[in-house]
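Data block below; observations after.
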Amino acid sequence: MFEDISKVVLVTDMDGTLLNSKKEITPKDRAAIERFMELGGKFTVATGRTIQSFSAFYELLDLKFPVIMFNGSIIYDKASEKVLYSETLPDAAREYTMQIMSEMSDIGGEVLKTYETFVFCNNEYEKRHTEICKVTPVYSALEDIPRDDWQKVLFAMAPEKVTEMMKFVSTKNYEGVCFVKSADIFFEMIKEGITKGSALKKYRELDDFKG
């Protein structure tokens with residue numbers, strides 16, 4: 001199929017794609033990945049998960065190459081424990097978040113930084129998110145969360161509230177950010193222009209993958 005499989009980098013989404021509903025990889029898929037890598041191919045993942053929430057999957061997936069995380073705002077290399085590429089939300093994201101919470105004070109929310117998760121409003125849906133991700137968050141008032149290194153902001157709420165929030169942000173001129181519905185109860189603010197695809201372009205510029 002390929003003249004030189006060592007030049008091939010296979011990148012897959014994780015939740016709902018590579019992993020099944022039980023957050024498992026099937027034996028058939030694992031065998032195919034192992035065979036691909038034995039032949040010299042490079043395999044990795046692009047995910048919306050954070051460094052914290054992804055940590056349990058390194059052994060499960062036997063990943064040897066950097067991973068695209070936070071919907072594309074970070075490329076992280078587990079072997080060296082280094083961030084190879086990073087984009088953060090603009091400073092204005094803090095004010096945008098405060099405006100949203102003043103309008104919809106009953107929703108849950110968290111600020112996801114490179115190595116930490118700060119929960120600023122904890123409701124049943126927010127609790128569900130930290131349970132799903134298996135992270136131990138820092139609980140803090142929104143105004144007390146350090147201003148630097150905001151990768152994204154996640155809002156958690158009842159499904160009908162997501163529609164309400166989508167309508168609310170559509171009326172605002174929030175420059176430098178965009179919003180993504182990541183699940184029926186989760187709505188995220190990320191840096192404008194950041195996607196898994198944009199991170200993949202940066203991935204190709206890494207020394208090990210040039211050419």
Side-chain angles (χ1 to χ4, degrees), residues 1-2 4-87 110 112-115 117 125 128-137 151-152 154 156 159 162 178-191 193-206 208-210:
M1 184 181 297
F2 303 105
D4 185 357
I5 200 169
S6 68
K7 294 183 179 180
V8 178
V9 182
L10 180 61
V11 184
T12 179
D13 189 15
M14 191 173 70
D15 296 284
T17 304
L18 179 61
L19 300 181
N20 61 22
S21 60
K22 297 179 181 178
K23 303 301 180 186
E24 300 170 339
I25 181 169
T26 66
K28 183 178 180 180
D29 286 342
R30 180 184 289 280
I33 292 168
E34 290 174 352
R35 178 59 175 161
F36 173 73
M37 292 193 293
E38 285 172 0
L39 293 173
K42 299 177 176 69
F43 173 80
T44 191
V45 164
T47 178
R49 286 177 176 263
T50 69
I51 293 173
Q52 273 189 315
S53 65
F54 191 80
S55 59
F57 291 94
Y58 277 102
E59 184 175 346
L60 173 66
L61 302 176
D62 191 27
L63 293 174
K64 298 178 175 64
F65 300 100
V67 174
I68 295 171
M69 298 182 176
F70 293 88
N71 299 87
S73 68
I74 274 184
I75 300 175
Y76 181 71
D77 180 35
K78 174 67 172 178
S80 62
E81 296 188 346
K82 289 183 178 179
V83 173
L84 306 180
Y85 162 77
S86 177
E87 295 280 355
E110 62 187 54
L112 297 109
K113 294 160 65 73
T114 301
Y115 295 105
T117 298
Y125 302 100
R128 194 178 306 176
H129 187 254
T130 54
E131 289 171 359
I132 290 171
C133 294
K134 294 181 170 60
V135 299
T136 302
Q151 295 294 334
K152 62 180 179 177
L154 179 138
V162 174
C178 64
F179 293 87
V180 178
K181 180 182 177 182
S182 55
D184 288 343
I185 59 174
F186 303 136
F187 196 60
E188 300 179 7
M189 180 198 301
I190 59 178
K191 184 175 181 179
I194 291 299
T195 65
K196 295 170 186 174
S198 68
L200 186 58
K201 293 179 181 178
K202 296 295 182 180
Y203 203 102
R204 295 178 64 183
E205 296 173 4
L206 298 178
D208 289 343
F209 300 95
K210 288 180 180 178

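We count residues from 1, following the sequence as given.
- Rounding to the nearest 0.5 Å places CD1 of Ile132 at 6.0 Å from CD1 of Ile185.
- Atom-to-atom distance recorded for Phe70:CZ and Thr114:OG1 is 5.5 Å, nearest 0.5 angstrom.
- Formation of a donor-acceptor pair under 3.5 Å by the Thr117 side chain with backbone atoms of Pro137 is not found in this model.
- Heavy atoms only, all atoms of each residue included: Glu81 and Tyr76 are closest at CA-OH, 3.3 Å.
- For the pair Val45 and Val67, the tightest heavy-atom approach, listed with the atom from each and the gap, is O-CG1, 3.4 Å.
- Atoms CD1 and NZ, from Ile194 and Lys202 in turn, are 8.5 Å apart once rounded to the nearest 0.5 Å.
- Closest approach of Thr44 and Phe65 over heavy atoms only: OG1-O, 3.7 Å.
- For the residue pair Ser73 and Gln151, a side-chain donor N or O sits within less than 3.5 Å of a side-chain acceptor on the partner.
- Results of the side-chain contact (heavy atoms from CB on, under 4.5 Å) test with Ile33 over Leu10, Leu63, Leu18 single out Leu18 as the only residue that passes.
- Taking OG of Ser53 as the reference point, atom CE of Met69 lies at 7.5 Å (rounded to 0.5 Å).
- Going from atom CD of Glu34 over to atom CZ of Phe43 covers 10.5 Å, rounded to the nearest 0.5 Å.
- Under the 30°/60° scheme for interplanar angles, the aromatic rings of Phe179 and Phe187 are found to lie parallel.
- The minimum heavy-atom distance between Ser182 and Glu188, with the atom names listed, is OG-OE2, 3.0 Å.
- Tyr58 and Lys78 get closest at one heavy-atom pair: CE2-CB, 3.3 Å.
- Partners of Tyr85 according to the side chain to side chain donor-acceptor pair (under 3.5 Å) rule, which considers only residues two or more places apart in sequence or in another chain, are Glu87.
- Rounded to the nearest 0.5 angstrom, Arg30 CZ and Glu24 CD are separated by 10.0 Å.
- At least one donor-acceptor pair under 3.5 Å links the side chain of Lys42 to the backbone N or O of Ser6.
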